[in-house]
Each structure stands twice: as structure tokens, then as C-alpha cells.
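In this text, all values refer to a predicted model and were calculated from it rather than measured experimentally.
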Amino acid sequence: QVQLVESGGGLVQPGGSLRLSCAASGIVFRIHAMAWYRQAPGKQRELVATISTGGITNYADSVKGRFTISRNNAQNTLALQMNSLKPEDTAVYYCSAGIQRPTNVIFSSWGQGTQVTVSS
């Protein structure tokens, strides 16, 4: 049974930093690509960053240069370091595990999310 638990969200001022964490259980973590998504008020869920099983990363243009996704396979954890936060980063952030298909990766097994609020 897959379980993903996000933590680390909170209230920060613009320009501040937060580090989100996702603890995974019930899966062989090391063989899954992982991702962070977010959903802001009034908007659809947005892909923020991905990391492959081999550690290759990709980022949405809106966060590139400010956010860093990483994984620790020994601890079965996923992290998102968020720097230079902007009010538009305000959202619920979700961790997701990927399933490898023949031509692409489908992300599923969503966590419950953690709230990030960037406001002065």
C-alpha cells in the first residue's frame, strides 16, 4: 500500500526559503521517478519539478533557478528546496510517485499535500 506524506510547508515572506520533504512507504522507492506538483487557489494542478531514478531533474520555467528537487533513496525521501519565494508560489504542494510506461512516465500515488504561503 503506497503512502506519501508531505511536510515542511508554512508561511514565509517574499524572498524567503522553505524545504519540503516527502516520506514514501509501500513502494520500492528507488525504481520510481518522483515529482512535485502544486495547486494554487483558482488554478489547476501544475507540475513543478521531476527527478528520474538516475537523478536527472526537470523544472517548470516558473521555478527554474529557484527550486531544487532531490531524492535520498536510502531514506525513501524526496525533497524540494525552495528559495527566493514569490507570492505566486503560494499553493498546496504535492508529492507524487511515477510509473514507467513504454514511452513515458505517469505520476500517481499522490500525497495529501502541504500548504506553502508566501506573503508579507
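Of all heavy-atom pairs between Y94 and G111, the closest is CD2-O, 3.6 Å.
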Checklist entry - Under the side chain to side chain contact (heavy atoms under 4.5 Å, CB included) criterion, do R38 and V63 qualify, and how do the steps go? => result CA-CA 12 Å; R38 67 186 181 186; V63 307; 3.8 Å; yes
Checklist entry - How far apart are the C-alpha atoms of E6 and L20, what are their side-chain angles, what is the distance that settles it, and do they pass the side chain to side chain contact (heavy atoms under 4.5 Å, CB included) test? => result CA-CA 7 Å; E6 299 94 339; L20 306 184; over 6 Å; no
Checklist entry - Yes or no on salt bridge (charged side-chain N to carboxylate O under 4.0 Å, His left out) for D89 and K86, after CA distance, side-chain angles and deciding distance? => result CA-CA 5 Å; D89 294 319; K86 304 175 180 180; over 6 Å; no
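Ring orientation note: the planes of F67 and Y93 are tilted relative to one another, at an angle of 30° to 60°.
Paired with Y59 under the rule side chain to side chain contact (heavy atoms under 4.5 Å, CB included), one option of T50, I69, V48 passes, and it is I69.
The backbone N or O of L4 lies less than 3.5 Å from no partner atom in the side chain of W110, so there is not a single donor-acceptor pair.
The line from OG of S62 to CG of L47 is 9.5 Å long, rounded to the nearest 0.5 Å. Note that the CG atom of N73 and the OG1 atom of T53 stand 8.5 Å from one another [nearest 0.5 Å]. Here NE2 of H32 is found 13.5 Å from OG of S52. Values are rounded to the nearest 0.5 Å. The CD atom of Q115 sits 9.5 Å away from atom CG of L11, with the distance rounded to the nearest 0.5 Å.
Counting heavy atoms of neighbouring residues, nucleotides and ligands inside a 6.0 Å radius, atom CD of Q112 does not exceed 12 of them.
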